[in-house]
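Okay, so here's the structure we're looking at.
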Amino acid sequence: RSALGVDRDLSTQVVLTGTQAAEKPGKHWVDKPNAGYSGTPMWKLALERKEQEDAAAPCVKIPEGFKPTQKGSEWYYSEKRQVFWRTTDG
């Protein structure tokens, strides 16, 4: 044997790992960031979940004579009674 040369007794065959051997020939695993998931963006799933929760939430009946203080606010005001009412009060 030569110190700088190639050892001819060594095998030149490539040995596959167990996982590689089990895969179908010609199929290669591609490393994907969402491997195993549907591919739907997380923001879309979160939005759908929020919409489902909103639809399932019980509707609050606003007492007669109360008007919203601001658009989208949970506070209502009755001029007749001169009282504020909040939707979470029930």
Side-chain angles (χ1 to χ4, degrees):
R1 286 190 220 178
S2 169
L4 299 176
V6 178
D7 189 359
R8 295 181 192 273
D9 294 334
L10 290 178
S11 174
T12 58
Q13 248 183 339
V14 176
V15 180
L16 300 176
T17 64
T19 306
Q20 291 170 332
E23 290 178 354
K24 295 179 183 174
K27 298 283 183 179
H28 301 287
W29 174 257
V30 179
D31 230 0
K32 294 183 180 179
N34 64 345
Y37 298 98
S38 66
T40 306
M42 293 303 290
W43 64 266
K44 194 171 189 179
L45 294 173
L47 180 65
E48 288 173 358
R49 185 182 314 119
K50 185 178 182 306
E51 288 173 353
Q52 288 176 353
E53 288 173 358
D54 289 347
C59 296
V60 177
K61 184 176 179 187
I62 301 167
E64 194 174 318
F66 282 84
K67 296 183 180 179
T69 55
Q70 294 177 355
K71 186 177 181 180
S73 174
E74 64 178 16
W75 286 96
Y76 290 82
Y77 181 72
S78 172
E79 291 184 21
K80 183 178 179 183
R81 297 182 193 175
Q82 295 186 348
V83 182
F84 284 94
W85 178 79
R86 187 171 54 182
T87 56
T88 55
D89 291 341

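By the side chain to side chain contact (heavy atoms under 4.5 Å, CB included) test, S78 pairs with F66, K80, R81, sequence neighbours left out. Legend: residues meeting salt bridge (Lys or Arg N to Asp or Glu O under 4.0 Å) with K50, ordered by chain and number and at least two apart, are D54.
A 4.5 Å side-chain heavy-atom check between Y76 and I62 finds at least one atom pair inside the cut-off. Residues F84 and T69 are in side-chain contact: their nearest non-hydrogen atoms beyond the backbone lie under 4.5 Å apart. Two residues are said to be in side-chain contact when any heavy atoms from C-beta on lie closer than 4.5 Å; W75 and T87 fail this criterion.
Interatomic distance, NZ of K44 versus CZ of R49, reported as 14.5 Å (0.5 Å rounding).
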